[in-house]
Every structure is written in C-alpha cells, then in structure tokens.
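Comments concern the structure below.
Note on naming: letters A, B, ... go to the chains in the order of the sequence lines (proteins, then strands), and numbering restarts at 1 for each one.
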There are 2 protein chains.
Amino acid sequence: MYSIFHQIKLPINEKLFLKDPSTTTVGQKMLDESILLINELGFEKFTFKKLAVTISSTEATIYRYFESKHKLLLYLINWYWCCISTRLLFETTNIIDPKIKLQKAIHLLTSIPNPKKENLLMNEFLLKKIVINEASKVIQTKEVDNENKDGVFTLYKNVVFTVANMINEVSPDYRFPNMLVTSMIEGSSQQHFFAEHLPRLTNAEVEKDFVEVFYQELIFKTIQNDTI
Amino acid sequence: MYSIFHQIKLPINEKLFLKDPSTTTVGQKMLDESILLINELGFEKFTFKKLAVTISSTEATIYRYFESKHKLLLYLINWYWCCISTRLLFETTNIIDPKIKLQKAIHLLTSIPNPKKENLLMNEFLLKKIVINEASKVIQTKEVDNENKDGVFTLYKNVVFTVANMINEVSPDYRFPNMLVTSMIEGSSQQHFFAEHLPRLTNAEVEKDFVEVFYQELIFKTIQNDTI
DNA sequence: GCAAATATAATAGTAATACTATCAAATTTG
DNA sequence: CAAATTTGATAGTATTACTATTATATTTGC
C-alpha cells in the first residue's frame, strides 16, 4: 500500500473513473501527486502530461484510469466530501444537545484544518484548498445536469442534508435549511479565497477564525425563532 | 451606433482590452454576440473563432481588441457591475429610511431581472446569467493577484462597499458587513445555479423569489442588535 | 514455479485550441 | 484626396486533450 490514507475503500461514484485508482500503486500515486500539482499550478495549467512526468509514468496510463482531467478533479472533490462525511459522523455522534452538534458541524465546514497538527490531515488540507480554489470550475459547466444524473454529487448532497437536519433539530420552523447550509459551505470557501486574494472584501482584521465566527453567528441568528 | 446600450461611455478598466470595443461597430458586435454565445455554449466551449464567424469577422480582428477570451469575460463581468452600480445609485437615492434602502439593494443583487418587461434589460439579464454561470472561472485563478493590482475588481469592490455602508447605517455595531455582502452576492448566484441544476440543494418549492426572500430574512436577522 | 492474462511504458499521431504574423483591401480621418 | 488606420484573408506555431499500437513488465491462477 502506498500510504495509510488509501486503506479505506472510498465510496466514490464509479462513473468518475475508468479503473479505480485507489486499488493500485500507480493509481494512488496519481491521486496523491495530482493534489500537489493542482495546488501548485492551478487546474487550468495542470495537465496529464505533467502529472505523468511527476509520477514517472505516461499520459496513456493516466487515461486508462480517468477519462479526462475534469473527471479527475470531480474524483478529488468527491474524495474530499468522503473525508468530511466521515468526520461529520465521527465528531457529532453521542452529542445530545442539538445546538452543540450544529456548532461542531459549522466548525468542520467553515474552518481550515491545520496540517501541522496531524500528518493524517495533510491530504484533507490539500483537498480543501482544491475545493476552495477549483471546485466551481467543474461544477458550473454545461455538463452538470448529466453528471448529476450519474449521481456524482450524492456525497455532497448527503452532507448538506445531514447538516440541514441538524438545523431542523434546533429550529423546526426555519424554512430554508438547505439554502442556509449550501450558502455556508460555498460561502466559506469564497471567504477564504477572498481573505487570501482580495482581503478588503472581507473583514479579516477582526479575528483569526473570522470565517467560522461569521458563520456561527449568522446561522444561529438566522434560525432563531424571533416571535416575541 | 450599434445599439442604445452602448451610448454611455463605460468606466471599464483599460487593462482589460487592447482597443476599446465600445468605440467601434465591430467591437460592439463582439460584446453583444459574445454575451449570446457564452450563454449558449458555456465559457469552455466558447472560442474567438466561433465568435468571429457569428459576427462575420476574423479571429485576428478580435485579438486586436482582446488579449484572450479570459480578458473578454472579465470585461463582460465588469460591464455587468457597471450596470449594477448605476442602478444601485439610481434606485436608492432620495430614500431616507436606511432599512428600505438596504432592502432595495438586496432586491437588486439577489433577484434576476425580467427581460420581457423591458427590452433595455435584455443585455443585463444575459450578463447576470454569465455572472452566475461563469464568473468564478475567471476570478478563481492564479492570475487573481496580478489582476487585482491592475484594478480589475474595483467596480465590484465599490458595489460591495456601498452596500456594506448601508448595513452600517442600519446596524453600526455589526462586525462583518463586507463578508455579509459578498456572501450574499456570491451566494445568490450559487443559489440560482443550484435552483436550476441541483434543486434539492435549495428550498425552491417554498416561494417564487425564494432566493431574495432567503437573503432579506437572513441579512436583517443577522445584523439586528439582539441585546435584550 | 510457470503459463496466461493483464497492466504499464514508450512512442506516435490527430484534431482542436489559443494564439501570432503578414499583407492587401477597405475605411476613416485630417 | 492623400495618409493613416482598421479590417479581412490567410497562414502558421505551440500546446493540449485525447487515441492507437506494441513491446515489456507485472500480477494472477493453477
């Protein structure tokens, strides 16, 4: 096995690959090195040719695993949502207070993990960066409807529904739980991006974990029942 | 003049074009037809070659106006923010009540204009669709820092600051006005996209103008001063 | 431990794209 | 009306995204 990270069988949609990369050494190398390369070059300048060189393999071999670089990126994003699903389950079980449960979910989804604390989180950290910087490029396409039919967004949707249910437990009357969750998930990515590149568009100076603080406050204020 | 839409000199950043397209007939054709073509094909499949054919011109001519299709899209997005700036000013002047002012701004930024009502809004409608579907692709790139230095995002930033000030007028103590505005602007695009392609991620069944209703409620609840 | 099946590397090649260059014809401007 | 500029027509380049072929490894079944 190439690394401990690949020991768990990933429930990633089979339409995203031609041959399951998680089952072979070259495949795992492709995944690990593509994460690094996409972070380094950005998705536009990332090519299978360059990936082939860094893993000392060939374009032809990569094409036997992935139909296109578009599908590879979708695979990586699904891999990220796999990690998040698992951690969401793990970190909220046995917590009785629905408010604390929701708080933990918001923390998981809006903050950036610290890769230095635990080495196991390195890939998750790199995947989160990819989600922040590149995800919209493969979702906002003319292919989205077909890919949705193939079930490519199921993992993401399940995370949304899980957190929406948590909101429902706290405030059963709130009308837009799904919209609130997606706007938090997508918005926090955006805010992290802005904080790095267009800081005047954020209010970053206020606090360190400002994105999380912003959303913790926003969500609890929004769902509170304000009938006096 | 090609159309009434081009009679106003646009304050669009000069680094976005090699030759100002709004000053010539071919240039205006490029703008008008590129809006249609990008909506039809999506930005990935849109090419200068195809645009050249539809305006009965050549690639070379288009390249004399725009360095790349990336810059053309940035130009169009700036054009959109020009329209919004103007309307934001126009529709909120002489309104004294800061809450109503903010409501109007939220309406302008979160709802989709109806192109059937007024023909003048057709281009703005098409531009909004481009902003919804394509904007993130040209902003979330490795070029963002250089383009920001060139002032390419100034128009957008000014809209954000204007609305952030309105929030400040309603609630001077709210700590994250800029983040709230950007999360509304980017979030409403996302919600409109989801409503069309991944409807289960939204709560679209509830109301027609659900995106606007969602944000009107969210923003006023979030900025309210809840010291009892 | 060996034959059969499969995966990979090496190489070549294609169509499309994102540009650049050249120059004559058309158009605008002074 | 002459000079300057803009455009159209054409050609060409480097890169990319992907396909095809075949010899050589490597794995797997027995």
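Atom CD in B:E44 sits roughly 12 Å away from atom P in D:dA17 (whole-Å rounding). Taking atom NZ of A:K19 as the reference point, atom C1' of C:dA7 lies 7 Å away to the nearest angstrom. Summarising the geometry, the separation between NZ on A:K45 and P on D:dA17 is reported as 13 Å, rounded to the nearest angstrom. Rounded to whole Å, atom P of D:dT6 lies 15 Å from atom CD of B:Q28. A straight line from CG of B:L41 to P of C:dT17 spans 11 Å, rounded to a whole angstrom. For the pair B:L51 CG and C:dA18 C1', the interatomic distance rounds to 14 Å; values are reported in whole Å. Remark: C1' of C:dA18 and CG of B:L18 are 14 Å apart, rounded to the nearest angstrom.
Residues from residues 59-73 of chain B lying near DNA chain C, meaning a heavy-atom separation below 4.0 Å, are B:E59, B:A60, B:Y63, B:E67, B:S68, B:K69 in numerical order.
A:K50 places a side-chain N or O within donor-acceptor distance of the main-chain N or O of A:K45, the cut-off being under 3.5 Å. Side-chain atoms of B:N78 do not come within 3.5 Å of backbone N or O of B:I12 as any donor-acceptor pair.
Evaluation of the side-chain hydrogen bond (donor to acceptor under 3.5 Å, both in side chains) rule for B:R87 yields B:E91, B:E124 as partners, not counting sequence neighbours. Under the ring pair (Phe, Tyr, Trp, His ring centres under 6.0 Å) criterion, A:H197 pairs with A:F193, not counting sequence neighbours.
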* To do: Just do the ring-ring contact (aromatic ring centres under 6.0 Å, His included) check on A:F66 and A:F17 with the steps written out, would you?
  => CA-CA 5 Å; A:F66 295 103; A:F17 50 79; 7.2 Å; no
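Contacts of A:T58 with the nucleic acid, taken as non-hydrogen atoms under 4.0 Å apart, include base atoms. Residue contacts shown for A:K49 are absent, as no nucleic acid heavy atom lies under 4.0 Å away.
Phosphate contact (OP1/OP2 of D:dG8, side-chain N/O of B:S57, threshold under 4.0 Å): present.
The cationic atom of A:K69 (NZ for Lys, CZ for Arg) lies less than 6.0 Å from the six-membered ring centre of A:F43 and within 45° of the ring axis.
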